[in-house]
Chemist: 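Once you've had a glance at the structure underneath, I'll fire off some questions.
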2 protein chains.
Amino acid sequence: MKTASSKPRLGSRGQPEESRAAILKAAVREFAEHGIAGARTDAIAQAAHVNKALLYYYFKDKETLYGAVLDYVFSNLKLVVLQALQSESAPRDKVLAYVGAYFDFIAGNPLYPKLVQREMMRAGRGGSPHLKHIVEEYFRPIYSEVSQILHQGIAAGEFRPVDPLHFVPSIVALVVFYFSTAPVMQIMAQFDPMAPERVAERRAAVLDFISAALFRHSGQRQKENASEGP
Amino acid sequence: MKTASSKPRLGSRGQPEESRAAILKAAVREFAEHGIAGARTDAIAQAAHVNKALLYYYFKDKETLYGAVLDYVFSNLKLVVLQALQSESAPRDKVLAYVGAYFDFIAGNPLYPKLVQREMMRAGRGGSPHLKHIVEEYFRPIYSEVSQILHQGIAAGEFRPVDPLHFVPSIVALVVFYFSTAPVMQIMAQFDPMAPERVAERRAAVLDFISAALFRHSGQRQKENASEGP
DNA sequence: GTTGGTTAATTAACTAGTTAGTTAGATTAT
DNA sequence: ATAATCTAACTAACTAGTTAATTAACCAAC
């Protein structure tokens with residue numbers, strides 16, 4: 001988006017892209033840990049080993065920087081997740097691949113789920129200026145794909161007749177929740193919820209949970225309905 | 001805690017408990033919508049129709065007020081949820097009662113899930129001073145109860161052999177996520193996710209999801225394992 | 001039954017410390 | 001030179017928390 005012509009065209013002190021990247025990376029952490037309101041621009045600058053004014057050289061203001069962070073995170077997510085859905089396998093395996101890829105992406109970037117959660121919560125009157133863009137650009141395409149696979153699986157009799165509009169968010173909930181609430185887990189159980197064994201355990205639990213809730217099992221006869229009044 | 005002797009003992013302008021309650025109520029909304037960092041004490045005072053100094057008359061500081069809000073919300077949750085577990089019915093019905101009560105509590109207080117989520121995310125180094133108290137006082141008792149019921153159901157062959165340490169948080173995730181991410185739903189689908197019909201729909205979907213994932217079905221033969229490496 | 005003191009409840013106005021954002025200039029590759 | 005990259009120092013606005021004064025209920029004494 002910037003260097004469209006011949007060379008990288010470095011400036012004075014030398015690291016234009018590096019500086020920008022460092023700021024973004026530092027901003028990811030700061031925003032994830034403290035939210036937009038709690039994040040401190042000074043802290044971001046310091047973590048990026050950069051003068052604060054440089055933030056405003058590369059980004060209009062705090063809100064814009066926050067938007068860039070969101071775009072960075074969600075575009076990565078979209079990439080990873082849609083790639084996992086590329087294969088030509090059965091709906092059953094596609095769903096498992098999707099969930100696995102989603103989980104691994106989040107597990108590999110423990111800061112992201114908080115960012116996601118935080119952003120999702122900003123809207124209750126006078127909310128986020130980014131949410132609409134994020135939903136249209138990232139969430140909807142993913143949702144469409146997964147939704148389609150669910151319909152295929154249901155039509156093929158492989159899946160129980162679930163409503164994608166509820167089932168897809170439920171998947172996200174199961175994947176994300178563990179990580180965004182890791183601090184609680186840390187206190188509840190007496191172990192580090194981010195330790196590899198524990199994460200693997202959670203992964204298995206999530207896949208098991210979703211499999212059991214979605215896949216039709218061998219010699220099974222169950223009711224067809226998936227909705228009832230309260 | 002205050003009037004232990006004879007009379008209510010009102011003060012000057014007259015409404016000590018009312019003022020305190022008004023502040024708490026306003027604080028719930030403000031903290032839920034903006035988080036601790038984003039919440040403005042002036043806004044709370046204004047919403048409570050009270051001078052800002054009164055916040056500091058009743059509560060030591062912002063953090064303490066936030067703690068009071070959390071205690072208020074979580075003690076209510078504990079009450080409702082534990083009451084739902086009181087009955088002498090089968091594990092299956094107890095779980096459904098628990099999930100239903102949890103869901104209804106959240107649905108009836110749409111501000112709570114954000115508060116919960118927000119608090120759960122505060123800890124990543126230098127985190128919340130309240131989290132430990134909340135976990136010990138509210139989460140652990142609830143967890144113990146539900147965990148016990150799960151074990152009973154598993155022993156009775158009613159439930160699949162799930163690990164409560166993962167299954168219980170998964171339940172919470174399913175219940176809470178829809179509400180804390182309602183803004184996303186609002187944009188994704190083209191309807192108001194908080195409309196009664198939609199909430200009822202979600203309720204059914206959650207109960208269906210959990211039932212399918214937990215209960216053993218009629219003539220069914222499935223694998224016994226509930227864990228595998230990634 | 002009025003007076004005056006005591007105390008809880010409440011407020012207007014203020015203060016000290018932060019913090020997002022700016023400015024004017026420095027540095028250096030080309 | 002010149003334009004991109006970068007910085008030290010500054011500012012304007014905001015915000016948590018304080019202070020000192022005010023109001024009115026209650027109670028005891030006269």
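Throughout, a chain's letter reflects where its sequence line sits, starting with A, and its residues are numbered from 1. Values reported hereafter were calculated over all heavy atoms of this structure, with side chains retained and with hydrogens, waters and symmetry mates removed.
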Chemist: Before giving the answer on side-chain hydrogen bond (donor to acceptor under 3.5 Å, both in side chains), spell out for A:S147 and A:R140 the whole-Å C-alpha distance, their side-chain angles and the decisive distance to 0.1 Å.
Modeler: CA-CA 10 Å; A:S147 176; A:R140 212 191 287 286; over 6 Å; no
Chemist: For nucleotides 13-19 of chain C, give me one character per nucleotide, 5' to 3': B if any protein heavy atom sits under 4.0 Å from the base, S if the only such contacts are to the sugar-phosphate, - if neither.
Modeler: ------S
Chemist: Looking at B:E119, B:R122, B:E63, B:E137, which one forms a side chain to side chain donor-acceptor pair (under 3.5 Å) with B:H130?
Modeler: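 With B:H130 as partner, side chain to side chain donor-acceptor pair (under 3.5 Å) holds for just one option, B:E63.
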Chemist: Do any side-chain atoms of residues 186-196 of chain B form donor-acceptor pairs under 3.5 angstrom with protein atoms, and if so which ones, sequence neighbours left out?
Modeler:
residue	atom	partner	partner atom	Å
B:Q190	NE2	B:I187	O	3.4
B:D192	OD1	B:M194	N	3.0

Chemist: Hey, do the aromatic rings of A:F105 and A:Y112 have their centres closer than 6.0 Å?
Modeler: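 That pair passes the under 6.0 Å test.
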Chemist: Taking OH from A:Y56 and C1' from D:dT5, how many angstroms apart are they, rounded to a whole number?
Modeler: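 About 18 Å, once rounded to whole Å.
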Chemist: In whole angstroms, how far is the C1' atom of C:dG21 from the CD1 atom of A:I44?
Modeler: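 That distance rounds to 13 Å.
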Chemist: Are the charged groups of A:R29 and A:E33 less than 4.0 angstrom apart, N to O?
Modeler: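 The answer is yes: the pair qualifies as a salt bridge.
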Chemist: Indicate, with yes or no, if the rings of B:F59 and B:Y66 have centres closer together than 6.0 Å.
Modeler: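 B:F59 vs B:Y66: aromatic centres not under 6.0 Å.
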Chemist: When the axes are fitted on five pairs at both termini, how much does the helix from C:dG1-D:dC30 to C:dT30-D:dA1 curve, in 10° steps?
Modeler: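 For the helix from C:dG1-D:dC30 to C:dT30-D:dA1, the axes at opposite ends meet at about 10°.
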Chemist: Starting from P on C:dT11, measure out to CG on B:L55 and report it in whole angstrom.
Modeler: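 Atom-to-atom, B:L55 to C:dT11, this comes out as 11 Å.
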Chemist: Rounded to whole angstrom units, what separation is found between the NZ atom of B:K60 and the C1' atom of D:dT18?
Modeler: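 It is 14 Å, rounded to the nearest whole Å.
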